[in-house]
Engineer: 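Have a look at the structure that comes next, please.
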Amino acid sequence: MESIGVLMACPMSTYLEQELSKRFKLFKFWNFPQKDAFFKENALSIRAVVGNATAGADSALIDSLPSLEIVSSFSVGLDKIDLAKCKEKGIRVTNTPDVLTEDVADLAIGLILTTLRGICACDRYVRAGLWKTKGDFKLTTKFTGKTVGIIGLGRIGLAVAKRAEAFTCPISYYSRTEKPDLKYKYYPSVLELASNCDILVVACPLTAETRHIVNREVINALGPKGLLINIGRGPHVDEAELVSALVEGRLGGAGLDVYENEPEVPEKLFALDNVVLLPHVGSGTVETRNAMADLVVGNLEAHFLKKPLLTPVV
Ligand code: NAP
């Protein structure tokens, strides 16, 4: 397999780079600033693309690679891959489901607790010496027992629900289809879900349908005591509306792992203590990223050995 060209779309994991280099002819796209010259020289030998949540395989890249057979994504989300084009051209697509579910759900709960209990603001208070000079920190908001609404009750949404149940939180959800086997309350629209929960967690895939699924109306329905947690994708939320709602006090708080134009984060949020900002680290533990890398490599090996793919999407 050493002669098979594999193109990594952007830097994502040193371990993955090492494992791919051991087996394939690895091209690191970011090392080739002259893209036209790169394609002219190497396009025909590249049979696989490895992408992630930052860069995948869009229509232009697919068109530039006539020998492309498979796109193996180092992510569960497929929003950076032109799935329709892959289907049309018979290009296989794989992702990394399940292995990252627990980490992302853990982080969602972490965001809820840090935002409601002001954990980051408390830490800044102590480090700045303000405990000594200004006295006790202001009171914060209780998590246990709050109603948690989840948009997209899939693998990650369900793992968030299980964790929130341990905090005795009533759980409700919105997705395209009701899950009759689950005991959680279903709302047939995001607006109804937001109107009936204290904490709204975004955990659905990013598609044309879910872009700005959290809009001004939804934010207003969540209200001045409501908390928005986004561990899905940035464009799920109308960010300009989110910022103005937080600045104007129409929304109680937000815990965000993802943003509309990463790594750009609206600077107006930096001054707000009711907001916790993370740099898209939902699956970012050593253990999980290595497990994701093993799945990417396993899928590529299976494909080129003509065995069944481990986690096929297309
Ligand atoms: P999943 O198991 O496929 O679950 C997705 C859920 O969303 C399903 O229950 C689906 O239910 C629902 N859904 C799909 N389209 C919808 C729509 N138009 N409106 C409302 N609900 C919809 O996926 P997962 O493994 O839980 O991952 C979910 C997403 O999390 C990924 O796509 C990714 O974007 C994001 N993620 C983020 C990070 C991070 O680092 N922050 C890490 C991993 C994943 P129905 O089919 O019934 O609608």
Side-chain angles (χ1 to χ4, degrees), residues 10 12-13 51-56 73-81 83 93-112 114 149-164 171-182 184-194 197 200-215 218 228-237 254-260 262-263 265 276-289 291-293 295-296 311-314:
C10 62
M12 52 193 93
S13 152
N52 69 354
T54 303
S73 195
F74 184 67
S75 68
V76 70
L78 298 159
D79 44 286
K80 295 283 189 219
I81 301 173
L83 290 177
V93 177
T94 64
N95 63 348
T96 58
D98 299 315
V99 291
L100 47 63
T101 298
E102 311 299 339
D103 273 356
V104 184
D106 289 351
L107 200 78
I109 298 297
L111 273 173
I112 295 173
T114 45
I150 300 172
I151 305 177
L153 201 68
R155 288 170 290 239
I156 294 171
L158 207 51
V160 172
K162 274 191 201 152
R163 285 157 174 72
I171 311 292
S172 48
Y173 70 101
Y174 163 72
S175 59
R176 292 168 303 181
T177 50
E178 189 172 355
K179 322 283 175 208
D181 299 346
L182 297 174
Y184 307 131
K185 182 162 178 52
Y186 176 70
Y187 287 101
S189 78
V190 184
L191 198 55
E192 284 170 85
L193 179 69
C197 69
L200 184 65
V201 180
V202 185
C204 59
L206 178 63
T207 61
E209 235 185 335
T210 62
R211 188 169 294 271
H212 288 191
I213 196 166
V214 177
N215 57 19
V218 170
L228 177 71
I229 300 294
N230 192 2
I231 43 89
R233 288 284 186 262
H236 281 132
V237 178
L256 308 172
D257 185 40
V258 288
Y259 309 86
E260 278 210 85
E262 295 173 8
V265 177
V276 172
L277 304 168
L278 304 182
H280 199 153
V281 290
S283 65
T285 65
V286 173
E287 295 90 336
T288 291
R289 288 285 167 88
M292 291 163 66
L295 256 186
V296 167
T311 48
V313 179
V314 172

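In listed order, ligands and their atoms are each counted from 1.
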Engineer: Within a 6.0 Å radius of atom NZ on Lys162, are there more than 12 heavy atoms belonging to other residues, nucleotides or ligands?
Structural biologist: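 For Lys162, atom NZ is not crowded (no more than 12 foreign heavy atoms under 6.0 Å).
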Engineer: Is there side-chain contact between Leu295 and Asp98, with heavy atoms separated by less than 4.5 Å?
Structural biologist: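 No, side chains not in contact.
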Engineer: Check the pair Glu209 / Arg176 against side chain to side chain contact (heavy atoms under 4.5 Å, CB included), numbers first and verdict last.
Structural biologist: CA-CA 10 Å; Glu209 235 185 335; Arg176 292 168 303 181; 3.8 Å; yes
Engineer: Identify the residue among Tyr186, Tyr184, Tyr187 that makes a ring pair (Phe, Tyr, Trp, His ring centres under 6.0 Å) with Tyr173.
Structural biologist: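 When Tyr186, Tyr184, Tyr187 are each tested with Tyr173, the ring pair (Phe, Tyr, Trp, His ring centres under 6.0 Å) holds only for Tyr186.
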Engineer: Does an N or O from Thr101, backbone or side chain, lie closer than 3.5 Å to an N or O of ligand 1?
Structural biologist: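 In fact, backbone or side chain, Thr101 has no N or O that close.
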Engineer: Do me a favour and list the nearest non-hydrogen protein atom to atom 17 (C) of ligand 1 with residue, atom name and distance?
Structural biologist: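 So the nearest neighbour among protein heavy atoms is Thr210 CG2, 3.4 Å.
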Engineer: Report the part of Glu209 in contact with ligand 1, treating N, CA, C, O as backbone and CB onward as side chain, heavy atoms under 4.0 Å; options are side chain, backbone, both, neither.
Structural biologist: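 For Glu209, the contact with ligand 1 is made by the side chain alone.
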Engineer: Quick one, Glu102 and Arg155 - any side-chain contact, counting heavy atoms below 4.5 Å?
Structural biologist: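 With C-beta onward as the side chain, the pair stays apart.
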Engineer: Only heavy atoms of Gly154, strictly under 4.0 Å: list the atoms of ligand 1 that pass.
Structural biologist: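 In order of number, 2 (O), 4 (O), 6 (C), 8 (C), 9 (O), 26 (O).
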Engineer: If you have a sec, work out which protein heavy atom is nearest atom 22 (C) of ligand 1 and how many Å separate them, to one decimal?
Structural biologist: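 Atom 22 (C) of ligand 1 sits closest to the protein heavy atom Cys204 CB, 3.9 Å.
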Engineer: Does Thr210 reach the main-chain N or O of Pro205 with its side chain, forming a donor-acceptor pair under 3.5 Å?
Structural biologist: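 Looks like yes, one N/O pair under 3.5 Å.
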Engineer: Is a side-chain N or O of Thr96 found less than 3.5 angstrom from the main chain of Ser75, in a donor-acceptor match?
Structural biologist: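 At least one qualifying donor-acceptor pair exists.
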Engineer: Suppose we measure from atom 26 (O) of ligand 1 to each protein heavy atom; which comes out shortest, and what is that distance?
Structural biologist: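 Going atom by atom, the protein heavy atom closest to atom 26 (O) of ligand 1 ends up being Ile156 N, 2.8 Å.
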Engineer: To the nearest 0.1 Å, how far is atom 20 (C) of ligand 1 from its closest protein heavy atom, and which atom is that?
Structural biologist: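 Checked against all protein heavy atoms, atom 20 (C) of ligand 1 sits closest to Tyr174 CE2, 3.5 Å.
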Engineer: To which protein heavy atom is atom 16 (C) of ligand 1 closest, and what is the distance rounded to 0.1 Å?
Structural biologist: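 It is Arg176 NE, 3.5 Å.
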Engineer: If only atom types and distance count, is the side chain of Asp257 paired as donor or acceptor with the main-chain N or O of Val281 below 3.5 Å?
Structural biologist: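 Pair found, side chain donor or acceptor close to backbone of Val281.
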Engineer: Measure the shortest side-chain to side-chain distance between Tyr259 and His280 over non-hydrogen atoms and say whether it is less than 4.5 angstrom.
Structural biologist: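 Heavy-atom side-chain distance check fails, nothing below 4.5 Å.
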Engineer: Report, in ascending order of atom number, the atoms of ligand 1 lying under 4.0 Å from any heavy atom of His280.
Structural biologist: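 Here the atoms of ligand 1 in question are 39 (C), 40 (O), 41 (N).
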Engineer: Within the structure, is a non-hydrogen atom of Ser283 found at a distance of less than 4.0 Å from ligand 1?
Structural biologist: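 Per 4.0 Å heavy-atom rule, Ser283 contacts ligand 1.
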Engineer: Identify the closest protein heavy atom to atom 1 (P) of ligand 1: which residue and atom is it, and at what distance?
Structural biologist: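 The answer is Arg155 NH2, 3.6 Å.
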Engineer: Side chain, backbone, both or neither: which part of Asp257 comes within less than 4.0 Å of ligand 1 when only heavy atoms are counted?
Structural biologist: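 Under 4.0 Å from ligand 1, Asp257 contributes side-chain atoms alone.
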Engineer: Is Lys179 close enough to touch ligand 1? Criterion: a residue heavy atom under 4.0 Å from a ligand atom.
Structural biologist: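 Yes.
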Engineer: When you compare the side chain of Thr54 with that of Glu262, does any pair of heavy atoms fall below 4.5 Å?
Structural biologist: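 Side-chain contact under 4.5 Å: no.
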Engineer: What part of Pro97, side chain from CB on, backbone N/CA/C/O, both or neither, has a heavy atom under 4.0 Å from ligand 1?
Structural biologist: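 Answer for Pro97: neither.
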Engineer: Where is the nearest protein heavy atom to atom 13 (N) of ligand 1: which residue, which atom, and how far?
Structural biologist: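 Nearest neighbour among protein heavy atoms for atom 13 (N) of ligand 1, to 0.1 Å: Pro205 CD, 3.8 Å.
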Engineer: With a cut-off of 4.0 Å, which atoms of ligand 1 are near a heavy atom of Val104?
Structural biologist: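 It comes down to these atoms of ligand 1: 42 (C), 43 (C).
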Engineer: Using the rule given for side chain to side chain contact (heavy atoms under 4.5 Å, CB included), can you reason through Val237 versus Val218, listing the C-alpha separation, both sets of side-chain angles and the distance that settles it, and then say yes or no?
Structural biologist: CA-CA 10 Å; Val237 178; Val218 170; over 6 Å; no
Engineer: Of the side chain and backbone of Val76, name the one, both, or neither that has a heavy atom under 4.0 Å from an atom of ligand 1.
Structural biologist: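 For Val76, only side-chain atoms sit under 4.0 Å from ligand 1.
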Engineer: Would you mind checking which non-hydrogen protein atom is closest to atom 38 (C) of ligand 1, with the distance to 0.1 Å?
Structural biologist: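 Going atom by atom, the protein heavy atom closest to atom 38 (C) of ligand 1 ends up being Ile231 O, 3.6 Å.
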